Student: 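Below you will find the structure I want to go over with you.
On a predicted model such as this, the values are computed, not experimentally measured, just so you know.
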Amino acid sequence: ALHERLTPRSLEHRLRLYVSEMPWGLYEDGANVVENGEKRARALASECVERWDEFLPLLPTLLQGEQRHSHALGRHIIQSVTLPEGAMKSVLACLRQIASDKRNPALLGGMFAGLEKIDSSIVDRRLDAIASDTDMLPFLPWLTMQTTIELPDLERIADALRARGIRPG
């Protein structure tokens, strides 16, 4: 009861509280960290998709710094949007705008993980685009790991290594 009265009302503040920061003492009794995060991410993802125009300006909060459940949020969002490729492009465009030392691609990684089950051709196109984008290229190996890795994926990463676009380690 008290928790419900103290719950932020705005989408922005709920995303910050339940996805980005999620204080350790806020988890429900009997639920583990992952289950609790999944539950909140699923509920917030539906709201983010329904209120897409309000959600887009909030992306920078979810794409930088420490994120507790943004991967789960991204996975649930991509499974709910009507145009998944457009949603991924929006997230990538926002991620590009953040200083490279502050970027956190976990939301995007969750989107890749969720989208693979829906349309793997979009995943391949987006990974190809990242491989040809020097600004986003450092994320290629990690984003690839969020999917089922096949030979073309390894070749894409090997090409980037050979071209010195990404460094090992």
Student: What's the spacing between L62 CG and Q67 CD if we round to 0.5 Å?
Tutor: 5.5 Å

Student: May I ask you to decide if V123's main-chain N or O and S120's side chain share a donor-acceptor pair within less than 3.5 Å?
Tutor: no

Student: Decide, yes or no, whether a salt bridge links R125 with D128 under the criterion of side-chain N to carboxylate O below 4.0 Å.
Tutor: no

Student: With the side chain counted from C-beta on, respond yes when L11 and L44 share a heavy-atom pair under 4.5 Å apart, and no when they do not.
Tutor: yes

Student: Backbone N or O of R9 within a donor-acceptor pair of the R14 side chain at under 3.5 Å?
Tutor: yes

Student: Output the distance between atom CD (Q97) and atom CD (Q64), rounded to the nearest 0.5 Å.
Tutor: 12.0 Å

Student: Would you mind listing every ring pair (Phe, Tyr, Trp, His ring centres under 6.0 Å) that reaches into residues 138-162, with sequence neighbours excluded?
Tutor: none

Student: Got a salt bridge between R126 and D119, using NZ or NE/NH1/NH2 to carboxylate O under 4.0 Å?
Tutor: no

Student: State, yes or no, whether a side-chain contact exists between S46 and V49 at a heavy-atom distance under 4.5 Å.
Tutor: no

Student: Given side chains that start at C-beta, do those of P105 and L63 come closer than 4.5 Å, heavy atoms only?
Tutor: no

Student: Which pair of heavy atoms, one from P84 and one from I122, lies closest together, and at what distance?
Tutor: CG-CD1, 4.2 Å

Student: Mind checking whether D133 and R96 have side chains closer than 4.5 Å, heavy atoms only?
Tutor: yes

Student: Tell me if a side-chain donor or acceptor on N104 pairs with a main-chain N or O of G65 at a distance below 3.5 Å.
Tutor: yes

Student: Give the intermediate values and the outcome of side-chain contact (heavy atoms from CB on, under 4.5 Å) for residues F55 and E50.
Tutor: CA-CA 9 Å; F55 171 68; E50 289 170 12; over 6 Å; no

Student: Ignoring hydrogens and geometry, is there a side-chain-to-backbone donor-acceptor pair from T147 to L143 under 3.5 Å?
Tutor: no

Student: Starting from the C-alpha separation in whole Å, work towards a yes-or-no answer on side-chain contact (heavy atoms from CB on, under 4.5 Å) for T144 and L154.
Tutor: CA-CA 9 Å; T144 302; L154 295 174; over 6 Å; no

Student: First locate atom CD of E47, then atom CZ of R42, and finally report the distance between them rounded to the nearest 0.5 Å.
Tutor: 15.0 Å

Student: Run the salt bridge (Lys or Arg N to Asp or Glu O under 4.0 Å) test against R16 and tell me which residues pass, sequence neighbours left out.
Tutor: E12

Student: Considering non-hydrogen atoms only, spot the tightest contact between P141 and I157 and give its length.
Tutor: CA-CD1, 3.9 Å

Student: Closest approach of E38 and A72, non-hydrogen atoms and distance?
Tutor: OE2-CB, 3.4 Å

Student: Can you check whether L15 reaches S20 side chain to side chain, under 4.5 Å on heavy atoms?
Tutor: no

Student: Which pair of heavy atoms, one from A87 and one from V81, lies closest together, and at what distance?
Tutor: CB-CG2, 4.1 Å

Student: Can you check whether F112 reaches I130 side chain to side chain, under 4.5 Å on heavy atoms?
Tutor: yes

Student: List the steps, then state whether side-chain contact (heavy atoms from CB on, under 4.5 Å) holds for V19 with R40.
Tutor: CA-CA 8 Å; V19 175; R40 292 186 189 276; over 6 Å; no

Student: Counting N and O atoms only, with roles assigned by atom type, does the side chain of R103 sit under 3.5 Å from a partner on the main chain of I98, one being a donor and the other an acceptor?
Tutor: yes

Student: Ignoring hydrogens and angles, state whether a donor on the side chain of Q146 or H71 is under 3.5 Å from an acceptor on the partner side chain.
Tutor: yes

Student: Please find the pair of heavy atoms, one from G114 and one from Q79, that lie closest to each other, and give the distance.
Tutor: CA-NE2, 3.8 Å

Student: Which residue pairs pass the salt bridge (Lys or Arg N to Asp or Glu O under 4.0 Å) test when at least one of the two sits in residues 105-117, sequence neighbours left out?
Tutor: none

Student: Side chains of R156 and D124: closer than 4.5 Å at any heavy-atom pair?
Tutor: yes

Student: Between C94 and L56, is any pair of side-chain heavy atoms under 4.5 Å apart?
Tutor: no

Student: Calculate, to the nearest 0.5 Å, the distance between atoms CG and OG belonging to D159 and S132 respectively.
Tutor: 12.0 Å

Student: Starting at CD of E155, measure out to CZ of R162 and round the result to the nearest 0.5 Å.
Tutor: 8.5 Å

Student: Do the side chain of E21 and the main chain of Y18 share a donor and acceptor less than 3.5 angstrom apart?
Tutor: no

Student: Quick one: CD on E85 to CD1 on I78, what's the gap to the nearest 0.5 Å?
Tutor: 9.5 Å

Student: Would you name the heavy atoms of A45 and H76 that are closest together and state the gap between them?
Tutor: CB-CB, 3.4 Å

